Amino acid sequence: MSREETARARGLRTDYCGELRSKDVGRTVSVCGWVARRREHGEHLAFVDLRDHTGIVQCVVDGGHDLRAEHVVRVTGELRLRPEGTVNDAIPTGEVEVGASEVEILSVAEPPPFSVDGRVEAEEPVRLRYRYVDLRSERMQHNLRVRAEVNAAIRRSMDRQGFVEVETPLLWTPTPEGAREFAIPSRLQPGSFYVLPQSPQIAKQLLMVSGFDRYYQIARCMRDEDLRADRQFEFTQLDLEASFVSQEDVWEMVSDSVLEVARAVTGEEPPPVVTMTWNEALDRFGTDKPDLRFGMELVALEEAVAGTEFKAFQAEAVRAICLEGGAELGRGRLDALTDRARKLGAAGLVWLRVVGGEGQLDLESPVAKFLSTKEKAAVIEATGAGAGDLVLVVAGERAPTCRVLGQLRLDLGQPPVSERPYRFCWVTEFPLFEGVDEEGNPVAAHHPFTMPHPEDLGRLEADPLSVRSQSYDLVLNGWELGSGSIRIHRADIQRRIFALLGISEEEAESRFGFLLGAFRYGAPPHGGFAYGVDRLAAIMAGEESIREVIAFPKTQSGADLMAGSPRSLPASQLQELGLRLAPPKEAKGA
RNA sequence: GGACCUGUGGUGCAGCUCGGAGUGCACGCCGGCCUGUCAAGCCGGAGGUCGCGGGUUCAAAUCCCGUCAGGUCCGCCA
């Protein structure tokens, strides 16, 4: 049986509400759903809009029926064309109506706490408390169905590429690094704990050692960190790993899946995924998650102002962005921008209004007098600015300077994340380490199993902070979707990394013993990736928060307003788990 | 741990700056009228701990302090 046949209406109904058309006129149909609205005209006539997951159809019923909002009813009757002049062009079923001969109330409903039609949107706490009502809305029905389509597209792509889906444990073992973990007490071994996995990282590497070659999983992950619009305690990622591959191979595999997703959801061919190095992303966009949907790229002005008298521009990096039409910004707005730049860590912000006409542009600014005519011309030339534009310049060390301008660029120009087009981007060659810890040891930027860039292996010990890694992020419209790397499969390189990180052999053994153990029995070269399905689905659904694509999400304080979690456990249950609660903290100032 | 925003009948808002009776709007709800509506219409009605606690004041939704909840962000998220 085809999917279409099996998905057809059956049971109590012959058709779905939203699918009835003029071609069905004359048939006796039965439709089931919720009362979306009723329009009563006395005891002999009432119009009832019946809603199911496919849409709404108008039923014409006797006025005597007590059909209130959200009652669940079954209506049977002949489908007919609406009388001339009463067609409703606003809905797909607007040409027809069900002339009800039988109305069956399957379930009565109290008036809902807020209206399902979305005309006025209730605040999030109310929606979350009555999530089962909220999920009836067109918006949430659409969002969760988009998400299901995302999952299906991912599976199609993975399947096509020969990946095998393997489930890994939810009750895992503590790994004392990375995100804070959720702990699960053991009943059979009181005093011992499982943890919920922050990702199936180690498990999937073990599957490579086991010879599965290409693994994937649409995996639930849990991290006990603070929540955000794009972060929940539990989230879903496409997790994959492949053996005997280069990073380019991984990029292709992952790109195939996200492009399949974009294609499936939009029905259009998405722009190809572009690739740039971490360094390039920093120079051009001032961030490691560039939003490629708009210009305003950072411009290097070091050459233009080389040898300048202006002290503020005598710096390692002098960078600028150009705001089209920004010259009309008033003094107050410019001062606010300067404040913003300072808060972001810049020493200051120089603004230059581009004035004048064709061929004789000039710069207008409180600091213009410190710049020579030649320098001003060079700045205009380098930024490509025209009359009426505003040039914003920050000078200082390269990385912080770029980051400040990158943020200003977003403040001034970024569209909502879900706005099309969808511009996927690989950011590659991340540094292997980011800074040093209190003891002076480098800190792993990704995780300690990340393979260094082969060209940089030689200076691993001499100049670790300059070493690039074979790790990479996937970015969509300024959101980090996920990250991955080629892993270290050779014991000698792993030993050098652990030594640099200040992890002793004993410590490594106790932390990652079973992974290192597995590597002694024949580990293939391998690498992989993971990206957030919630984030991808949110963008595809046109939402700014992943809560809108999660059926039952938690609030920022980690509460489920509907289910009432978290809450206390009865003493008997604690005792069974071998747990005793610490006394509550003293009240502040008491 | 920190910053900012929000909290007013069931829902969404206005009122808060400049204190003066729970004052208003829209939707919903309840009752009545109504045979072609589609955000139906008309008439009538009910519904409030102004999140909570304290303070200032003759008087607090309004000003001050604290607190709780929700949101955005920083920290955090190898």
Side-chain angles (χ1 to χ4, degrees), chain A residues 36-50 56-64 66 68-70 80 82-91 93-94 97 99 109-130 133-134 175-181 198-199 201-202 221-233 235 343-345 407 411 430 432-435 437 442-450 469 471 480 482-483 485 497 501 503 511-512 530 532 544-545 547 553-559 561 587-590:
Chain A
R37 238 187 311 271
R38 74 207 139 104
R39 295 172 291 280
E40 287 186 86
H41 289 257
E43 57 181 317
H44 298 297
L45 177 68
F47 300 99
V48 171
D49 289 342
L50 197 63
I56 279 177
V57 69
Q58 169 167 291
C59 307
V60 184
V61 307
D62 189 272
D66 191 22
R68 314 237 163 178
E70 302 306 317
R80 61 197 189 203
R82 293 192 186 189
E84 216 174 319
T86 64
V87 166
N88 184 352
D89 294 325
I91 56 173
T93 60
E97 63 188 13
E110 292 177 23
F114 53 91
S115 125
V116 176
D117 62 19
R119 210 151 44 86
V120 283
E121 188 176 305
E123 285 196 354
E124 216 178 336
V126 189
R127 294 175 55 206
L128 291 181
R129 176 151 174 225
Y130 301 95
V133 174
D134 185 42
T175 48
E177 214 171 322
R180 192 179 300 112
E181 294 161 325
Q198 7 169 335
S199 85
Q201 180 61 38
I202 292 178
C221 307
M222 291 82 173
R223 293 180 189 172
D224 189 1
E225 300 288 355
D226 286 2
L227 294 78
R228 289 278 197 285
D230 62 352
R231 275 159 40 189
Q232 286 267 304
F233 283 153
F235 59 99
K343 282 208 183 80
L344 291 167
Q407 187 58 54
D411 291 350
F430 271 71
L432 188 59
F433 304 106
E434 50 178 13
D437 63 18
V443 180
H446 188 49
H447 59 61
F449 314 113
T450 303
S469 67
S471 70
E480 180 191 326
S483 58
S485 64
I497 297 288
L501 293 172
I503 300 174
R511 282 194 194 181
F512 315 112
E544 308 290 306
S545 162
R547 292 190 298 275
K554 292 182 177 52
T555 67
Q556 200 159 46
S557 64
L561 298 180
K588 249 189 278 180

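Each chain gets a letter, A, B and so on, in the order the sequences are listed, and its residues count up from 1. All values reported here derive from a predicted model rather than from experimental measurement.
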Result for 5'-nearest mapping on RNA chain B, choosing between A:Ile202 and A:Phe114, is A:Phe114
For this session: Output yes when at least one side-chain N/O atom of A:Arg127 is less than 4.0 Å from OP1 or OP2 of B:G12, else no.
Result: no
* Asked: Any sub-3.5 Å donor-acceptor pair from A:Glu70's side-chain atoms to A:Ala109's backbone N or O?
  -> no
A:Gln198 atom CD is separated from B:C76 atom C1', nearest whole Å, by 13 Å
- Message: Is there a side-chain contact between A:Arg547 and the phosphate of B:U72, meaning an N or O under 4.0 Å from OP1 or OP2?
- Response: yes
**Item:** Flag if over 12 foreign heavy atoms under 6.0 Å of CD, A:Glu225
**Value:** yes
Does the structure show A:His41 stacking with B:G36, if we require the centres to be closer than 5.5 Å and the planes to be within less than 30 degrees of parallel?
no
Any strand, both distances under 3.5 Å, Watson-Crick or G-U wobble: B:C29 pairs with B:G45
(Q) Check the phosphate of B:U72 against A:Gln556, side-chain N and O only, distance under 4.0 Å to OP1 or OP2. Yes or no? (A) yes
Check whether any side-chain nitrogen or oxygen of A:Arg82 sits under 4.0 Å from OP1 or OP2 of B:G36, and answer yes or no.
no
key: Inter-nucleotide P distance (B:G24, B:G44), Å rounded   = 15 Å
Donor-acceptor pair, distance only, cut-off 3.5 Å: does the side chain of A:Arg39 make one with the backbone of A:Phe47? no
Next item on the list: Return no unless some side-chain N or O of A:Ser557 is found under 4.0 Å from OP1 or OP2 of B:G70.
Entry: yes
| query | Has the side chain of A:Arg223 got a donor or acceptor atom sitting under 3.5 Å from an opposite partner on the base of B:C77? | reply | no
Phosphate oxygens OP1/OP2 of B:A40: is one of them under 4.0 Å from a side-chain N or O of A:Arg39?
yes
Would you say a side-chain N or O of A:Thr555 is under 4.0 Å from OP1 or OP2 of B:G70? yes
